[in-house]
Amino acid sequence: MVASSRRKVLFIVIAILVTSLLTLSASYYVVAKSYNKPKENQKPDSEKEIPLLPRVKELYSLKPVRKAPENITTTVFTFRGDFSSDIYDLFALQKRAVRYCDNDTTVDGCDVKLPRHYRWGTLSYKLLDALELMCNSTEKTDFYVKIDDDLIMSDSKLDEVIRVMAATNCQVSGSIARDYGFYWPVGQMYIFKRAILERICAKFPITRQLHGSEDISFGTFIDSRDKKMFCNLDNPTNHWHKDYKDQRVEIRYFTQHNV
């Protein structure tokens with residue numbers, strides 16, 4: 001009798017445990033199906049549809065390469081301000097960049113003084129004035145590369161990116177976003193071909209009020225919803241923004257340029 005009672009109790013305990021395990025498994029399945037944790041450094045949905053630059057040739061037919069890589073011309077430009085580091089030109093790209101400054105700047109290392117004084121919230125007008133000078137220049141280049149003063153990238157890596165991009169239909173590369181109804185490249189670095197500059201030049205004079213962010217304003221100048229014109233750079237494989245570290249070197253900007 002006692003043995004029979006013990007068996008009944010044991011059976012009930014086992015039944016309760018099995019039921020609990022099934023309930024937990026079902027709950028985990030529902031949670032797992034309803035929540036997929038994003039992978040580290042996963043791009044937002046707005047960027048997933050834009051291919052990475054090295055893969056562009058797999059998606060779109062190539063345009064004929066009109067120039068040998070060594071004959072492709074490039075203009076790199078950046079905006080200097082009182083916020084820039086005194087040793088900004090320690091980084092390779094800064095040495096080859098055309099440095100645009102405010103009309104009243106007191107810092108050294110300016111190549112071109114623009115006609116106004118600019119604040120963080122009016123950098124769109126600094127870009128506009130720089131682009132107007134490029135439009136008026138008699139010497140146009142095949143590529144234009146805008147870089148932030150805290151961007152870290154080697155000359156050889158930029159040359160490699162330009163070489164790949166030159167053989168594709170991609171007109172604008174960078175970290176591409178589309179949350180304003182058009183495609184635009186995030187401002188730490190973007191690369192565009194001469195055809196894009198000419199497209200912008202045809203719209204001058206631009207007198208409307210501009211967006212407060214320079215990179216979004218650049219997107220409004222292009223005003224394109226054709227994703228075939230754009231391709232993503234693989235950050236941080238191609239370039240680093242604000243900090244870089246490997247087995248021997250660590251570089252870090254402690255203060256953002258807009259502070």
Side-chain angles (χ1 to χ4, degrees), residues 73-141 143-159 161-162 172-175 184-192 194 196-197 200-201 204 206 210-221 233 235-236 238-244 249 251-259:
T73 56
T74 304
T75 296
V76 181
F77 66 98
T78 190
F79 299 138
R80 283 276 278 148
D82 295 338
F83 48 74
S84 298
S85 169
D86 290 338
I87 59 169
Y88 72 100
D89 57 357
L90 175 67
F91 306 107
L93 287 188
Q94 298 290 343
K95 289 185 177 180
R96 78 191 262 188
V98 178
R99 298 158 294 184
Y100 289 95
C101 301
D102 297 5
N103 63 350
D104 58 352
T105 187
T106 59
V107 299
D108 295 328
C110 289
D111 298 304
V112 180
K113 283 191 175 183
L114 296 171
R116 308 182 232 188
H117 173 79
Y118 310 88
R119 297 175 291 101
W120 174 249
T122 61
L123 285 180
S124 292
Y125 294 92
K126 195 168 189 174
L127 172 66
L128 181 70
D129 290 342
L131 289 173
E132 186 171 14
L133 286 178
M134 296 177 203
C135 289
N136 292 332
S137 173
T138 56
E139 296 184 8
K140 302 290 193 303
T141 54
F143 283 87
Y144 294 83
V145 184
K146 185 268 174 181
I147 59 172
D148 274 357
D149 74 317
D150 51 7
L151 183 101
I152 303 165
M153 186 180 194
S154 68
D155 275 316
S156 59
K157 181 59 68 174
L158 177 61
D159 291 339
V161 170
I162 293 293
V172 181
S173 64
S175 180
W184 57 278
V186 177
Q188 59 197 33
M189 180 175 77
Y190 48 86
I191 305 172
F192 54 100
R194 178 174 176 172
I196 294 296
L197 177 67
I200 296 172
C201 295
F204 275 95
I206 298 174
L210 303 181
H211 192 280
S213 296
E214 155 254 320
D215 41 11
I216 297 174
S217 287
F218 183 77
T220 67
F221 299 156
L233 292 177
N235 182 27
N238 289 310
H239 62 283
W240 291 262
H241 191 220
K242 301 185 185 302
D243 60 80
Y244 168 79
V249 175
I251 303 168
R252 178 172 298 173
Y253 284 82
F254 293 101
T255 303
Q256 294 187 18
H257 55 268
N258 58 327
V259 174

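Everything quoted here is computed from the prediction, not taken from an experiment.
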Which atom names give the shortest non-hydrogen contact between His211 and Ser124, and what distance separates them?
-> O-OG, 2.6 Å
Under 3.5 Å, is there a donor-acceptor pair between the side chain of Tyr244 and the main chain of Val249?
-> no
Contacts of Arg116 that satisfy side chain to side chain donor-acceptor pair (under 3.5 Å) - sequence neighbours left out = Asp129
With a 4.5 Å heavy-atom cut-off, do Leu158 and Ile147 have their side chains touching?
-> no
In Å, rounded to the nearest 0.5 Å, how long is the span from CZ of Phe221 to CZ of Phe204?
-> 6.5 Å
Please report the closest heavy-atom contact between Val172 and Pro185, naming both atoms and the distance.
-> CG1-CG, 4.1 Å
Could you tell me how the ring of Tyr100 sits relative to the ring of Phe79: parallel (under 30°), tilted (30 to 60°) or perpendicular (over 60°)?
-> perpendicular
Keeping the roles fixed (side chain from Ser175, backbone from Val186), state whether a donor-acceptor pair exists under 3.5 Å.
-> no
Go through the steps for Val161 and Met153 under the test side-chain contact (heavy atoms from CB on, under 4.5 Å), then give the verdict.
-> CA-CA 11 Å; Val161 170; Met153 186 180 194; 4.0 Å; yes
dist Leu123:CG -> Ser213:OG (nearest 0.5 Å) comes out at 9.0 Å
If only atom types and distance count, is the side chain of Thr105 paired as donor or acceptor with the main-chain N or O of Val107 below 3.5 Å?
-> yes
Under a 4.5 Å cut-off applied to non-hydrogen side-chain atoms, are Gln188 and Asp150 in contact?
-> no
Shortest non-hydrogen pair, Cys135 vs Lys140, comes out as O-NZ, 3.1 Å
For the residue pair Tyr125 and Leu210, what are the closest heavy atoms and their distance?
-> OH-N, 3.0 Å
The reported gap from OG1 in Thr78 to CG in Asp149 (rounded to nearest 0.5 angstrom) is 5.5 Å
Side-chain contact, heavy-atom cut-off 4.5 Å: Leu133 with Leu114?
-> yes
Under a 4.5 Å cut-off applied to non-hydrogen side-chain atoms, are Phe218 and Ile196 in contact?
-> yes
Salt bridge present between Asp148 and Lys146 (N-O < 4.0 angstrom) = yes
OG1 on Thr74 to OH on Tyr144, rounded to 0.5 Å = 10.0 Å
In Å, rounded to the nearest 0.5 Å, how long is the span from OG1 of Thr141 to CE of Met134?
-> 8.5 Å
Asn103 versus Lys113, closest heavy-atom pair with distance = O-CD, 3.9 Å
Roughly how far, to the nearest 0.5 Å, is the NE2 atom of His239 from the NZ atom of Lys157?
-> 11.5 Å
Is it true that a side-chain atom of Thr220 and a backbone atom of Ser217 form a donor plus acceptor pair closer than 3.5 Å?
-> yes
What pairs with Asp159 under salt bridge (Lys or Arg N to Asp or Glu O under 4.0 Å), at least two apart in sequence or on another chain?
-> Arg96
